[in-house]
2 protein chains.
Amino acid sequence: MLARTLAGPAPPLEPSPMPERSPEIAFDQPCPIRDVLDRIGDQWSLLVLAALDGGTLRFNELMRAIGDISKQMLSQTLRRLEQDGFVRRTVFAEVPPRVEYELTDLGRSFLGPLRQLVHWADENHRDIVRARRSFGARAG
Amino acid sequence: MLARTLAGPAPPLEPSPMPERSPEIAFDQPCPIRDVLDRIGDQWSLLVLAALDGGTLRFNELMRAIGDISKQMLSQTLRRLEQDGFVRRTVFAEVPPRVEYELTDLGRSFLGPLRQLVHWADENHRDIVRARRSFGARAG
DNA sequence: CGGCATCCCCAGGGATACTG
DNA sequence: CAGTATCCCTGGGGATGCCG
């Protein structure tokens, strides 16, 4: 299946007609990209990462910052991000309890490519909306 | 909600509490990024785009290329990508019917940022897997 | 061949209540 | 405050069949 293609070695910025396959790569997940995208591709992970880009936040601060996320989802999302090494969780032995979340180096390094994507989205959103409209005009 | 932050030109490094919603912000989608991500963030869009990076393909060729996608999902994914202007669909009046899919300029331009992300995923996948394992060691 | 329509199932996720 | 446990329901998406 094509999943392998996405996992190719280096992303040539030049248009390369032949995507090379690396036959020997097969760890836990068949495709690193699918693996990564399955995580950050969910409804909330990117929002959480973006929120933490501003600095350390506590659980409820994150809830308020994102606004429309449930406790359960925030909790689950944070655990996964922590698990994958994007986020560091620090518990303070206080009363009432305090837990702080912050980006790790890995998490911060991810924001680079992410910003590229965000930038592209910003730049091209108008075109997309326009395409969508004109498509709506042609079809129903 | 935080969605706006992702759409901003430059993410504010100051922790800016935005507890209130902006009721007036409502184009088609509240946030370009959410809008774009909701599309390409699904299970299949990126795979389709990657497949078409190699060149024009027909419907069944795409099915075979991706391998584990159903007709319905491929059809739906292609329609959305076409709708958003990433993909061009060409129907040939032949018997049997022939339909070809190819990337538009917009679609191709998107592969730039995408490759950055792919590159990052490739580079850091090992670290992620490692983090995941060590987390599994600490917790259950 | 290239799809849309239909059926059907189950897991993702919201709401709520409870705990440390 | 910072979660976990439980319930419940919706809709995403697979399988299949039909049509141009």
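Every chain is numbered from 1 and lettered A, B, ... according to where its sequence line falls, protein lines coming before strand lines.
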Closest heavy-atom contact between [X] and [Y]?
X	Y	answer
A:F59	A:K71	CZ-O, 3.8 Å
B:T56	B:E100	CG2-OE1, 3.5 Å
B:E102	B:T90	OE2-OG1, 4.2 Å
A:S45	A:R39	OG-O, 3.1 Å
B:V36	A:A121	CG2-CB, 3.6 Å

Report yes if the side chains of [X] and [Y] come closer than 4.5 Å at any heavy-atom pair, otherwise no.
X	Y	result
B:L57	B:R64	no
A:F92	A:P97	no
B:T77	B:L81	yes
B:I128	A:F86	yes
B:V48	B:Y101	no

Side-chain N or O of B:R79 closer than 4.0 Å to phosphate OP1/OP2 of C:dC4: yes

Neighbours of DNA chain C within residues 81-100 of chain A, by heavy-atom distance under 4.0 Å: A:P97

Rounded distance in Å - CZ (B:R58) to C1' (C:dG2):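 Spelled out: CZ on B:R58 to C1' on C:dG2 is 9 Å.
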
Rounded (10°) bend between the five-pair end axes of the helix from C:dC1-D:dG20 to C:dG20-D:dC1: 50°

Boundaries of the chain A footprint along DNA chain D (any atom under 4.0 Å from a heavy atom):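 Contacts span D:dC1 to D:dT6, reading 5' to 3'.
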
With B:V91 via side chain to side chain contact (heavy atoms under 4.5 Å, CB included) - residues at least two apart: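 B:R89, B:V99.
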
Considering only nitrogen or oxygen atoms on both sides, find all protein atoms under 3.5 Å from nucleotides 5-13 of chain C and state each distance.
{"from": "C:dT6", "atom 1": "O4", "to": "B:Q72", "atom 2": "NE2", "distance (Å)": "3.2"}

A:E61 side chain vs A:R58 backbone, donor-acceptor pair below 3.5 Å: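 Checked: pair present.
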
Set of residues satisfying side-chain hydrogen bond (donor to acceptor under 3.5 Å, both in side chains) with respect to B:T104, sequence neighbours excluded: none

